[in-house]
Trainee: 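Before anything else, here's the structure in question.
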Amino acid sequence: MSELYQSVIDTDIHNTIPSLKTLYPYLQDFWRDYLEESAFVGPDAHDYPAGLPFSARADSKSSDGPPGSQMELVRSNTIDAWKAEIGILTCNYWTTSIHHEDFALALSSAINDWQIDAFLNPEPRFRASLVVPGQNPELAAQEIDRLGGHPGFVQVIVPVRSHTLYGKRHFDPLYEAAVRNNLVVGIHYGGASGHPPTPTGWPVSFLEEYTGMTQLFQSQLLSLITEGAFNRHPDLKVSFIEGGFTWIPSFIWRMDKEWKGLRHELPWLTEPPSAYIHRHLRFTTQPMGAPPDPVHMSQILDQMGSTDLLMFATDYPHHHFDSPREALIKGIEEPLLGKIMAENARNWYALPN
Amino acid sequence: MTVTSAETKTQVREQHAAIDCDIHNAMPNDVTFRKYLPTEWHAHHQSNGRRGHVGSGYPRAVPHAARVDSWPPSRLPPGGDLGFMREQLLDYWGFDYGILNCLGGAGGDLNLPYAAALCRAMNDWQVSEWLEPEPRLRASLLVPYEDADLAAAEIARMGDHPGFVQVLLVCRTREPLGHWKYWKMYEAAVRHNLPIGIHFGGAGGGPITGAGWPTHYMEDHAGMSQAFQAQVASYALSGVFDAIPELKVVLIEGGFAWLPPLMWRLDHHWQHIGNGAVPLKRLPSEYIRDHMWLTTQPMEEPAQKAHFAQLLDQLQMNDRLMFATDYPHWDFDAPTTAFPVELDSDLKRAIMADNARNLYSLL
């Protein structure tokens, strides 16, 4: 138990491969040759500029590989430091952003096998997210069925910057496989679809792009609801990871109003959008985007209309705070505090008591 | 529209002056249009016509996205008949002033010199057929906004006409609007003391979400908030407000409840991440609160009324909210029913009239 919190479940810890060579034992000869011959260096995403202090805490760096690649260091900096019961790994190696779909599947499988060996087997407090080629939902479903029964995997992870909006029926095979295997679908900050990340073109600065990713989460949520993804998949659970949450009340007000005016276009939406959000969505807490006035944060938490929606996350190794005390949402008391720090995630991911 | 009678109108008049900051006038037909289009463009207009960023259309909820009762007896399109607009909007609600935001995409044509000619024609038509006959109306100047030089030329040509009170852009542009390719247009606007109005709509050539094309009109309509947020972030982080300190920006038909969380996010991450090669002198939210105005429609409506007061407290922009109906569109906000709560009378007066009066220098 931590001094500050009764119990802690961290829902966003980034692990990644030390290098592509790490995957060689998990790849067929053909793909090893392909990697060598093409001098492939990784997906074309640029989610966290390497030189920014924000991108990696100083204590996450190691000479043996990029931040998040060494299990012992990740463990000591996250679940050990927080005395967390469970840490959910969110590997954001975006095979979804690789145009070659078979290659994306081969890499995904190799990464997942490596996750079992490097993180799940040595540390039972870790859970992991299945990396899948989200651009091809049939192939993604194949990978989900291959490993979805492994008790260490609790989620399928895909980037918010997808080529196609996630509400579309295109993704049904992925969702069916996730539901079949009792896995949450985690939609995470980042990715490289090739589309401009905003509805108005390419942002100039990284800060503009980083903060703007929240709008993309909003577009995905709008799509998931209006397309009827939750009507087609009543057991589908979606986590929005690293997308912020203070925007949810205003989004709900707008969506519920739009639904009143335009629901004749969407007759399958038998309830206001907020009902789908409360039932099918959860949100991780970092980046908080916290207002300077804690009163406003209390208002936002109240306006969300449910105490079940938020799940604590450090977003390790990204630098959001310097100590567990700073990570606290100021002014929150029990029982809400306990729900955010552990119980919401425990229920959502069906984790043990 | 369920509100009836002169009683309502009188109420509005007696309690408050009122200014409507978002009215859509429409070109009635091509015959009228050609009267104002420079002759050298007639052949092109006839043979090729308009070409925009096609493929971004969504069938609307209703024809012209218009209120069913806004079709004039003259059979002109909604917003196309000044007499009917007077009767149904200005007289009925007792507005002191109305700001015209003429839509239709003239400024977004791919052939930029033709876009400039289209805007010129539309602006001349607005002077002759709207501003001169109706003293309560003011208009927004249409410009070919994707080329700052051409836009600046139109602003120079018409910017001193007393009927034009702002330059009109759309929300979905080819680049985020803080981008320096637009700055010459802003400098021209400032020279003529005109705010930049950014209205719901437009097509910039890319998908309307960061993850491709959605399916439904509701996604197009509600999704405009995401485009507005991208524009606000771009303005706040681009350095344009330091470079052009007199620049004023009005967000029209974008809602406003999304703005407090956006300001928090920008401030917080700016303090942690910095802004690369564009150093800011102040918090992003300070630029936003100093340089931006917002029209009220479509107003977000919290289920719990107390949340609306919280929203205004979080926003801290009571002097920047300006009432708008969005006439003649289907999601029209009536002055009597637009606000989900009863505002105190000072605030109501500010939002209904004084904020717009100050910004647009209306007497």
Side-chain angles (χ1 to χ4, degrees), chain A residues 52 54 160-168 193 195-208 210-212 214-216 218-220 222-223 226-227 244 246-247 249-251 253-259 261-262 264-266 287-292 296 299-300 303 305 319-320, chain B residues 61 171-179 204 206-219 221-223 225-227 229-231 233-234 237-238 255 257-258 260-262 264-270 272-278 298 300-303 307 310-311 313-314 330-331:
Chain A
L52 272 184
F54 161 78
V160 72
R161 284 183 68 180
S162 56
H163 190 262
T164 306
L165 285 159
Y166 283 125
K168 300 232 179 199
S193 62
H195 293 313
T198 88
T200 68
W202 293 90
V204 173
S205 73
F206 172 69
L207 178 59
E208 192 179 337
Y210 184 78
T211 53
T214 297
Q215 284 93 267
L216 196 35
Q218 294 167 7
S219 300
Q220 296 286 15
L222 194 46
S223 171
T226 57
E227 296 274 1
T246 55
W247 52 271
S250 58
F251 183 85
W253 301 336
R254 178 72 190 260
M255 285 290 287
D256 282 2
K257 181 174 177 171
E258 294 270 343
W259 177 73
L262 295 173
H264 60 287
E265 187 192 24
L266 311 157
M288 196 105 55
H296 291 160
Q299 291 172 351
I300 291 289
Q303 291 166 1
H319 188 191
H320 292 291
Chain B
C171 184
R172 288 180 181 144
T173 46
R174 212 172 299 175
E175 309 287 348
L177 280 167
H179 197 285
I208 63 171
T209 84
W213 295 96
T215 304
H216 307 100
Y217 175 57
M218 180 165 157
E219 293 172 88
H221 192 257
S225 300
Q226 282 91 66
Q229 290 173 69
Q231 299 292 22
S234 171
L237 303 181
S238 66
W258 46 264
L262 177 64
W264 301 334
R265 203 156 71 232
L266 289 169
D267 286 357
H268 177 84
H269 292 302
W270 176 63
H272 278 75
I273 298 174
N275 194 34
V278 183
E300 287 88 351
E301 291 178 27
H307 293 167
Q310 293 174 356
L311 164 61
D313 181 53
Q314 294 166 7
W330 66 268
D331 42 351

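Numbers restart at 1 for each chain; the letters A, B, ... are given by sequence-line order, proteins then strands.
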Trainee: If the plane angle is over 60° it's perpendicular, under 30° parallel, otherwise tilted; pick one for A/His319 and B/His272.
Mentor: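 If you compare the ring of A/His319 with that of B/His272, the planes turn out perpendicular.
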
Trainee: How about B/Trp264 and A/His296: do any of their side-chain heavy atoms sit closer than 4.5 Å?
Mentor: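 Contact flag for B/Trp264/A/His296 side chains = yes.
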
Trainee: Report the option among B/Gly204, B/Pro176, B/Gly212, B/Ala227 that has the most heavy-atom pairs separated by less than 4.5 Å from atoms of chain A.
Mentor: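 Sorted descending by pairs with chain A, the first entry is B/Pro176.
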
Trainee: Of the listed residues (A/Gly305, A/Ser219, A/Gly289), which shares the most heavy-atom pairs with chain B below a 4.5 Å separation?
Mentor: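 Of the options given, most contacts go to A/Ser219.
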
Trainee: Can you see which heavy atom on B/Pro261 is nearest to which on A/Ser250, and at what distance?
Mentor: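 Minimum heavy-atom contact is CG-OG, 4.2 Å.
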
Trainee: What's the spacing between B/Thr209 OG1 and A/Arg161 CZ if we round to 0.5 Å?
Mentor: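 Between atom OG1 of B/Thr209 and atom CZ of A/Arg161 there are 11.0 Å.
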
Trainee: With only heavy atoms counted, which part of B/Pro298 is less than 4.5 Å from chain A, the side chain, the backbone, both or neither?
Mentor: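 Contact with chain A involves both backbone and side-chain atoms of B/Pro298.
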
Trainee: Please identify, among B/His179, B/His268, B/Glu300, the residue contributing the most non-hydrogen atom pairs under 4.5 Å to chain A.
Mentor: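 Most heavy-atom pairs under 4.5 Å with chain A: B/Glu300.
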
Trainee: Is chain B contacted by the side chain of A/Trp202, its backbone, both, or neither, given a heavy-atom distance below 4.5 Å?
Mentor: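 For A/Trp202, the contact with chain B is made by the backbone alone.
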
Trainee: I'd like to know which of B/Ala222, B/Ala233, B/Ala230 tops the heavy-atom pair count under 4.5 Å against chain A.
Mentor: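 When all of B/Ala222, B/Ala233, B/Ala230 are compared, B/Ala222 has the most.
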
Trainee: So which residue, B/Ala61, B/Gly178, B/Gly210, B/Ser225, ends up with the most heavy-atom pairs under 4.5 Å with chain A?
Mentor: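 Among the listed options, the one with the most contacts to chain A is B/Gly210.
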
Trainee: Against chain B, label A/Met288 side chain, backbone, both or neither, depending on which of its atoms sit under 4.5 Å from a heavy atom there.
Mentor: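 Neither; nothing under 4.5 Å.
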
Trainee: Who among A/Thr246, A/Leu165, A/Thr198 has the most heavy-atom pairs with chain B under 4.5 Å?
Mentor: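 Top count of heavy-atom pairs under 4.5 Å with chain B: A/Leu165.
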
Trainee: Is there a side-chain contact (heavy atoms from CB on, under 4.5 Å) between B/His307 and A/Trp253 once you walk through the steps?
Mentor: CA-CA 10 Å; B/His307 293 167; A/Trp253 301 336; 3.7 Å; yes

Trainee: For the side chain to side chain contact (heavy atoms under 4.5 Å, CB included) test, which of A/Pro196, A/Ser193, A/Pro199 pairs with B/Pro207?
Mentor: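 Of all the options given, the one that passes is A/Pro196.
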
Trainee: For A/Arg254 and B/His221: C-alpha separation, side-chain torsions, deciding distance, then whether side-chain contact (heavy atoms from CB on, under 4.5 Å) applies.
Mentor: CA-CA 10 Å; A/Arg254 178 72 190 260; B/His221 192 257; 4.0 Å; yes

Trainee: At a 4.5 Å cut-off on heavy atoms, which part of A/Pro197 comes close to chain B: side chain, backbone, both, or neither?
Mentor: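 Only the backbone of A/Pro197 comes within 4.5 Å of chain B.
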
Trainee: Between A/His163 and chain B, with a heavy-atom cut-off of 4.5 Å, which part of the residue counts as in contact: side chain, backbone, both or neither?
Mentor: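 The backbone, not the side chain.
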
Trainee: How far apart are the closest heavy atoms of B/His269 and A/Tyr210, and which atoms are they?
Mentor: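 That closest heavy-atom pairing would be CE1-CE2, 3.5 Å.
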
Trainee: In terms of heavy-atom proximity below 4.5 Å to chain A, should B/Leu266 be classed as side chain, backbone, both, or neither?
Mentor: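 Both backbone and side chain.
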
Trainee: Under a 4.5 Å heavy-atom cutoff, which of A/Thr214, A/Ile300, A/Asp256, A/Val160 has the most pairs with chain B?
Mentor: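 Highest number of pairs under 4.5 Å: A/Thr214.
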
Trainee: For B/Asp313, is it the side chain, the backbone, both or neither that has a heavy atom under 4.5 Å from a heavy atom of chain A?
Mentor: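 For B/Asp313, heavy atoms of backbone and side chain both lie under 4.5 Å from chain A.
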
Trainee: For A/Phe251 versus B/Gln226, what's the shortest heavy-atom pair and its separation?
Mentor: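 In this case the closest contact between A/Phe251 and B/Gln226 is CE1-NE2, 4.4 Å.
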
Trainee: List the steps, then state whether side-chain contact (heavy atoms from CB on, under 4.5 Å) holds for A/Trp247 with B/Arg265.
Mentor: CA-CA 10 Å; A/Trp247 52 271; B/Arg265 203 156 71 232; 4.3 Å; yes

Trainee: Does the side chain of A/Leu52 come within less than 4.5 Å of B/Ile273's, by heavy atoms?
Mentor: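 Touching, per the 4.5 Å side-chain cut-off.
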
Trainee: For B/Trp330 and A/Leu262, run side-chain contact (heavy atoms from CB on, under 4.5 Å): C-alpha distance rounded to whole Å, both residues' side-chain angles, the deciding distance at 0.1 Å, then the answer.
Mentor: CA-CA 10 Å; B/Trp330 66 268; A/Leu262 295 173; 3.7 Å; yes

Trainee: Please determine, among B/Ala277, B/Ala257, B/Pro260, the option with the most heavy-atom pairs under 4.5 Å with chain A.
Mentor: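 If we count pairs closer than 4.5 Å to chain A, B/Ala257 comes out on top.
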
Trainee: Any donor and acceptor pair, going by atom type alone, linking the side chain of A/Glu265 with main-chain N or O of B/His216 inside 3.5 Å?
Mentor: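 Such a contact is absent between A/Glu265 side chain and B/His216 backbone.
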
